[in-house]
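Naming: A, B, ... by sequence-line order, numbering from 1 per chain.
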Amino acid sequence: MDDSAKRLLQRLVRRIPTQMLRDTLDKWERLTAKQREFVDFTQSKWTITQELLAVCEERELSVKHIAELEMIYVIGNPNQGMWHTFQLVDAEDDAHSLELVQFKEQFKSHLSELKRNVAVKIKKHTDEAVWIRIAWGDTFSRPNHLKATYVVHYLQTPFVFVSGLLSKHKPLLLQALTLSTRHQGIKDANLSGQKLTAIRDLLMRQYQHVFPTKYPSPLAERNQSVSNLHIENEQAEASANRHRMAGEAFGNGMLPALQSAVYKLETKFRDLTNETMTERDKPLRCVVKFSSPNILESLRHCASTGIASTPVTPLLSSITLKGRNYFVITDNAPSASSQMCQTQD
Amino acid sequence: MEGVSTRGVLSHLSLLEDQASSRGSRVLQQPSRVKELRAKVEALTSQRDQLKAEIQTHKNLQKLRPSVDKRRAAGEEEDMDVDSESSELLRLMARHSELSDLLHAHHLIGGYDVIKTRQSKGMCFSLATVYEGVYLDTYNLEIDLRPKVRITRHNIPPFIPLNNLAEQSDLQTGLRAFLDTVSQHLNAFAGRKQQLKLVKEQHKSVEVMESNLLCSILVLMFTVPKEKTPLLCTLEYTDHARCLPTRVHLDSEDKRLPDAPQWKKNCSLLTEVPVHRALTAIRKSRDIV
């Protein structure tokens with residue numbers, strides 16, 4: 001086992017919690033049962049590392065195999081690191097009938113044309129996601145497996161999720177993706193977060209939407225404290241309306257756990273009591289960031305309890321409507337950034 | 001001058017004579033004419049009575065319709081004074097007419113559940129998907145009508161190319177056509193998804209090697225009974241508005257197998273019949289395990 005393989009293995013053992021390490025090794029299937037039993041998981045991480053190194057040497061495993069182990073771990077625990085979303089645009093005619101095998105071949109060939117010495121591993125997960133792990137090298141150095149980029153793409157959708165990408169590699173990766181998915185362009189989708197499952201569920205619309213219906217569900221069952229019966233009756237209709245509008249803007253039930261929303265303001269300062277600031281011609285630049293373990297639930301709660309006014313302002317409802325959490329707000333177009341499609345984003 | 005007036009009088013006199021003679025013959029026709037007219041009168045009277053009865057029934061039905069839903073007391077029906085049996089019948093007829101009116105209205109709007117939103121400035125359409133008599137997911141589209149027709153919100157998954165479909169059928173004039181196309185795509189997708197689910201449930205000996213979110217490609221692994229040779233079957237659903245594959249392709253180590261006559265038959269069966277049912281037939285004929 002060469003140096004890079006050893007270092008990668010050491011890194012992995014340090015990074016992965018012990019219990020998960022055991023499960024990941026089982027899924028890896030590169031070690032025999034006997035070898036797996038040999039590793040004593042009750043010991044310190046250092047001991048585990050030494051034992052694993054010995055066992056992997058026995059099997060003559062290379063850095064490619066260890067990279068596989070890392071990939072299995074990341075696929076099973078995707079809600080780490082920072083994921084950024086890109087959107088493919090201008091599909092060619094055959095984009096919609098793209099097959100997995102075709103995509104894999106094309107991606108590998110395009111990427112290796114653009115950059116020498118890249119190690120690419122592609123794996124299809126059971127939920128139809130295509131996972132790509134890229135270790136970047138160049139003409140003078142071997143692929144660096146310690147700083148791999150991960151890409152997740154669902155075929156026939158326009159979205160690509162990327163984590164661990166350096167800016168110098170960005171144009172290469174984006175070009176390879178655009179070509180291999182048979183599109184003409186790719187743009188930033190302005191949606192990022194730590195939890196891949198959250199941003200994926202938001203874009204795939206995998207949460208409970210609320211649409212106007214003829215028979216809305218009665219709110220009578222929702223925690224009504226009997227003691228305040230009279231006060232509740234006064235507020236009941238207004239409260240029900242707020243709940244409904246909050247639900248329509250953000251959804252019902254469990255919402256994707258988005259953790260932040262960022263608004264970059266480039267608007268003129270507006271406050272009648274402060275003339276000095278209002279006089280300035282240039283826009284006041286400031287950034288407003290909302291953070292929460294689950295920002296959509298927080299915003300929904302704000303709207304349904306009346307903290308935020310209803311109907312919900314498009315600034316907030318655009319998060320779910322357009323599937324993005326980074327907005328640039330200028331005076332002319334309140335919720336626009338660069339390209340805005342009218343029908344579906 | 002004299003000649004003219006003489007002619008005029010004489011011709012007039014002859015005319016009167018003619019009329020007198022014809023009236024005489026007409027007097028003879030009177031009884032039959034009277035009979036005719038009497039019969040006509042009778043027919044018209046009975047038609048009038050019939051129409052009156054129908055109007056009355058309709059009025060009663062209209063009165064009954066709101067009360068069928070709310071089950072009001074018999075006091076409401078006092079002014080109809082019919083016996084209990086026919087009131088039951090009238091109730092059923094009222095319900096029937098109400099339902100057929102509803103169905104007619106539903107058919108007029110294209111069979112989609114619609115609701116007005118935003119003080120009639122928008123509409124929300126509900127597209128239901130059905131496969132083999134089972135209701136599957138329902139998708140919704142909120143559409144603004146003014147200033148121009150555009151889709152504001154929906155919960156259709158991103159692998160259904162909604163934007164492309166909206167561009168193809170002009171939203172402004174052909175909203176109904178657009179909805180029909182979307183519904184077709186959604187129903188086809190739901191059908192293909194359901195077929196895949198049934199294949200996994202009903203045919204555990206068949207392994208699903210590849211599929212995708214849109215369910216537009218399916219690669220299955222069959223096991224041929226005698227030598228246990230694996231047979232790879234690729235089903236391509238290139239027409240995303242249909243539930244059946246457009247192409248079926250077989251791959252095997254044994255090159256002669258895909259060309260065997262019963263496998264050519266099986267291939268064509270797979271393009272004509274939903275995959276889970278085709279597999280049942282193929283397994284029954286013992287072509288695969």
Handout entry: Minimum-distance pair of heavy atoms, taken over all atoms of Leu321(A) and Thr152(B)
Key = CD1-O, 3.4 Å
Handout entry: Asn164(B) atom CG, over 12 foreign heavy atoms within 6.0 Å
Key = yes
Handout entry: Distance-minimising heavy-atom pair for Gln156(A) and Asn212(B)
Key = OE1-ND2, 2.6 Å
Practice task
List the atom of Met204(A), the atom of Leu213(B), and the distance in Å for their closest heavy-atom pair.
Solution key: CE-CD1, 4.2 Å
Fill in the blank from the handout: Closest heavy-atom pair, Glu248(A) versus Arg153(B), reported as atoms and distance to 0.1 Å, is O-NH1, 2.8 Å
Problem - Taking every non-hydrogen atom, the tightest pair across Ile115(B) and Pro212(A) - result: CG2-O, 3.4 Å
Handout entry: Flag, side chain of Lys124(A) to backbone of Ser211(B), donor-acceptor distance under 3.5 Å
Key = yes
Problem - Under 4.5 Å from any heavy atom of chain B - which part of Gln206(A) - result: neither
Exercise for the section: Check whether any side-chain heavy atom of His96(A) lies under 4.5 Å from a side-chain heavy atom of Thr238(B), and answer yes or no. Expected result: no
Fill in the blank from the handout: For Ile217(B) and Glu99(A) the tightest heavy-atom approach is CD1-OE2, 2.9 Å
Problem - Met254(A) atom CE: more than 12 heavy-atom contacts under 6.0 Å - result: no
Practice task
Side-chain contact test, heavy atoms from C-beta onward, threshold under 4.5 Å: evaluate it for Phe211(A) versus Ser126(B) and give yes or no.
Solution key: no
Completion exercise
Of Leu100(A), Asp127(A), Leu155(A), the largest count of non-hydrogen pairs under 4.5 angstrom with chain B goes to Leu100(A)
Problem - Atom NE2 of His183(A) with >12 non-hydrogen neighbours under 6.0 angstrom - result: yes
Handout entry: Heavy atoms from other residues, nucleotides or ligands near NE2 of His96(B) exceed 12 (cutoff 6.0 Å)
Key = no
Problem - Residue part contacting chain A, namely of Ser216(B), when any heavy atom lies under 4.5 Å - result: side chain
Practice task
Side chain from CB out, backbone as N, CA, C, O: work out which of these in Pro158(A) comes under 4.5 Å of a heavy atom of chain B, or both, or neither.
Solution key: side chain
Practice task
Can you measure from OG (Ser97(A)) to NE2 (His240(B)) and round to the nearest 0.5 angstrom?
Solution key: 6.5 Å
Handout entry: Residue Glu201(B) excluded, over 12 heavy atoms near CD under 6.0 Å
Key = yes
Problem - Engaged part of Glu128(A) at the chain B interface, taking heavy atoms whose separation is under 4.5 Å - result: side chain
